[in-house]
Amino acid sequence: MFRKEFADVIGKTGMVPLKDLRPLMLEKDANIVSELGLLKFDFFDDIRFAKQLSEKYNLTFIDLTKAKIQDRTIKLIKKSDVLKFRVLPIQKTAKAVSLAIYDPTTVDFRADLQTLFQHPVEFILTNLAAWAKIFERVTETIDELLETIYEVKADNLTKDEAVKEEDIGDDVIRYVNRFLADAFVRKASDIHIEPYENIFRVRFRIDGTLIETARPPRNLMLPIISRLKILAQMDISEKRKPQDGRIKLSVGGKPIDYRVSSLPTLFGEKIVLRLLDSSNLQLDMTKLGFEEKQITVFKNGIYQPYGMCLVTGPTGSGKTTTLYSALAELNTIDSNISTAEDPVEFNLEGINQVNVKRDVGLTFASALKAFLRQDPDIIMVGEIRDLEVAEIAVEAALTGHLVLSTLHTNDAPSTVTRLLNMGIEPFLVVGALNVVVAQRLCRRICESCKEEIQVSKEELVSIGFASSSAEKIKVSKGKGCDACNGTGYKGRVAIYEVMDITPAVKDIILRNGSADEIKKQAIRDGMKTLRMSALTKVAQGSTTIEEAVTNSSSDKF
């Protein structure tokens, strides 16, 4: 049951009514999930709660919410041991390992913990929110994860497919599970299974870069590919045509979807899996990386009662995340929201999502037409690819609907000229368009090995920094460590170019002005270009000069 020590303290303070606490107290076993469930109560003050526990048990209390803890310190413990002992290592010195706890009874395990760490231990009581934030960074080892992988079996598995699945050996199943778990641990976005004449290799895309991780024996090629196709409910007998499928697994207690694509190549089928982890989906717009003025302009655009808001950038630049965050912001009980996507990547409750299926005639254009007969308030189109979709989207934007969509262009001003080149009249573009966002993803400097480097003032000025500020800029770089696999980068940070459709910009569009003219005017109106946004991230110590230059074109205006 829920820990009596917690219930006693909470009961005395009255922070959470007993009737609300009772469901947690009825849990079969006391566990971290139920105890961290206290954070969902609006009136629960975790700081006050922790201070009362510290007084009652005579423990030192420290709020670790803003503490910087290195990954290598957290990795001193397995996740299974965190769940068992409720401790998190936050510092290791020659004298002791400092352990963050939220449960004062954990000190009873001192002897076991000293054996586990082969070191004396000391306990620091912290608040639940701070502990939970550190706990999010704990990852299982591959072997731990292998025991947690749970396959969501297909209901429509045919008899023939079931027989073929049995023919696949346990060693192949375990091998596939291992690289799926490895990709999860390393936070890969894609897995590439590639057959060549003499080799068969597995590559992960991590932080936007492909890294070779394994070369299985070629005799395992067909069994591995068959195993993946069975999981994805694809036709394993069809090897001449591209196929698409989806795998649903539970890995480490988290539901993970793998979007699977097969492609016949010269030496066999290449399989690519896109990892869709809904727990990592960032729907809070304020945490995406927008600067204060940029998010104000973007919100002004999406809060208009009608019009079009477009997000542009290359594949894999985070456009879907930006659109989903906008939809989450707009998703209220009084709004009817419909989306047409190819494919639907994440399920958003309260939003009507449609998967485009061209083989049955369900295209972006036909879905849009259907939406307009469904009394919509807000419509999202996965991508404007042709004139037909563009015309319907513009028509919807001009007739009282808010339309969100994406395009593939290099920057925000080019989006306007793309619509004009498709055949949309300038006066329609001016009337429909609210805001355009261009974005890219830069690799984030690894916090575990981050160090300041010296860069000359001349080099900083040459990439776009103002001469007056170049001397004050502090530039950082990751030197490479175990936490980032020696790359110096871990995670990614978004850079944005948010263009407001101001009266001056509208005038240029109406007279068929070029993208360069639109860009110059947008900068005069206060727009920060992708290069400016990237340099801001360099100055903040989030990314490197190399990443900033690679992911943004220079601006000569």
Side chain to side chain contact (heavy atoms under 4.5 Å, CB included) involving Lys95 - partner list, sequence neighbours excluded: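 So Lys95 forms a side chain to side chain contact (heavy atoms under 4.5 Å, CB included) with Thr93.
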Partner residues of Thr315 under the side chain to side chain contact (heavy atoms under 4.5 Å, CB included) criterion, sequence neighbours left out: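 If we apply the side chain to side chain contact (heavy atoms under 4.5 Å, CB included) test to Thr315, skipping adjacent residues, the hits are His408.
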Which heavy-atom pair separates Leu530 from Gln439 by the least distance, and what is that distance?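 Closest pair (atom of Leu530, atom of Gln439, distance): CD2-CA, 4.1 Å.
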Which pairs pass salt bridge (charged side-chain N to carboxylate O under 4.0 Å, His left out) with one or both residues in residues 320-330, sequence neighbours excluded?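 Applying salt bridge (charged side-chain N to carboxylate O under 4.0 Å, His left out) to every pair that reaches into residues 320-330, excluding sequence neighbours, yields Lys299-Glu329.
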Candidate list Arg72, Lys479, Lys490, test side chain to side chain contact (heavy atoms under 4.5 Å, CB included), partner Cys449, passing option: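 Testing each of Arg72, Lys479, Lys490 against Cys449, the sole residue satisfying side chain to side chain contact (heavy atoms under 4.5 Å, CB included) is Lys479.
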Hey, are Arg186 and Asp182 close enough for a salt bridge, meaning a charged N less than 4.0 Å from a carboxylate O?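 Salt bridge present between Arg186 and Asp182.
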Counting only heavy atoms not in [X], do more than 12 fall under 6.0 Å of its [atom1]?
X: Lys450; atom1: NZ; value: yes
X: Lys477; atom1: NZ; value: no
X: Glu292; atom1: CD; value: no
X: Lys270; atom1: NZ; value: yes
X: Asn410; atom1: CG; value: no

Measure from the side-chain N and O atoms of [X] to the backbone N and O of [Y], and report whether any donor-acceptor pair falls under 3.5 Å.
X: Thr106; Y: Tyr102; result: no
X: Arg201; Y: Ile193; result: no
X: Lys537; Y: Ile495; result: no
X: Arg531; Y: Ser552; result: yes
X: Lys68; Y: Glu447; result: no
X: Asn300; Y: Thr296; result: yes
X: Glu341; Y: Thr320; result: no
X: Glu497; Y: Ala412; result: yes
X: Thr60; Y: Ile124; result: no
X: Thr550; Y: Glu547; result: no

Please test Thr544 against Tyr489 for side-chain hydrogen bond (donor to acceptor under 3.5 Å, both in side chains), starting from the C-alpha separation and ending with a verdict. CA-CA 9 Å; Thr544 61; Tyr489 298 100; 2.8 Å; yes
For Glu291 and Lys528: C-alpha separation, side-chain torsions, deciding distance, then whether salt bridge (Lys or Arg N to Asp or Glu O under 4.0 Å) applies. CA-CA 10 Å; Glu291 294 172 39; Lys528 290 189 74 169; 2.7 Å; yes
Take Ile134 and Ile74 through the side-chain contact (heavy atoms from CB on, under 4.5 Å) test and state the conclusion after the steps. CA-CA 8 Å; Ile134 303 169; Ile74 295 175; 4.1 Å; yes
Heavy-atom check, side chain of [X] versus side chain of [Y], under 4.5 Å:
X: Phe117; Y: Pro89; result: yes
X: Ser189; Y: Ile206; result: no
X: Ile191; Y: Val272; result: no
X: Thr209; Y: Arg205; result: no
X: Val121; Y: Arg110; result: yes

Ring geometry between Phe179 and Tyr175 (parallel below 30°, tilted from 30 to 60°, perpendicular above 60°):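 Ring orientation, 0 to 90° scale: perpendicular.
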Where does the angle between the aromatic ring planes of Tyr496 and Phe290 fall among parallel (under 30°), tilted (30 to 60°) and perpendicular (over 60°)?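 Rings of Tyr496 and Phe290: parallel, under 30°.
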Interatomic spacing from OG1 in Thr65 to CD1 in Ile47 - rounded to 0.5 Å: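 Here the rounded value is 5.5 Å.
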How far does NZ of Lys474 sit from CD1 of Ile453, to the nearest 0.5 angstrom?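 Between Lys474 NZ and Ile453 CD1, I get 14.0 Å after rounding to 0.5 Å.
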With side-chain contact (heavy atoms from CB on, under 4.5 Å) as the test, would you mind laying out the steps for Tyr258 and Arg246 before giving the verdict? CA-CA 6 Å; Tyr258 299 80; Arg246 204 154 185 158; over 6 Å; no
side-chain contact (heavy atoms from CB on, under 4.5 Å) evaluation trace for Leu275 with Asp257: CA-CA 6 Å; Leu275 278 71; Asp257 275 10; over 6 Å; no
Can you list the steps and then say if Asp207 with Arg443 is a salt bridge (Lys or Arg N to Asp or Glu O under 4.0 Å)? CA-CA 6 Å; Asp207 298 332; Arg443 288 185 291 175; over 6 Å; no
For residues 115-128, which residue pairs pass the side-chain hydrogen bond (donor to acceptor under 3.5 Å, both in side chains) check, not counting sequence neighbours?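 Passing the test, one end in residues 115-128: Asp46-Asn127, Ser98-Glu122.
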Considering residues at least two apart in sequence or located in another chain, which fulfil the side-chain hydrogen bond (donor to acceptor under 3.5 Å, both in side chains) criterion with Glu55?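 Listed in chain order: nothing, the list is empty.
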Determine the sole option in Glu212, Glu194, His192 for which the side chain to side chain donor-acceptor pair (under 3.5 Å) test with Arg203 is passed.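 By the side chain to side chain donor-acceptor pair (under 3.5 Å) criterion, Arg203 pairs with just one of Glu212, Glu194, His192: Glu194.
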Using the ring pair (Phe, Tyr, Trp, His ring centres under 6.0 Å) rule, collect all pairs that involve residues 441-480, keeping only residues at least two apart or in two chains.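 Sorted result for residues 441-480: empty, none.
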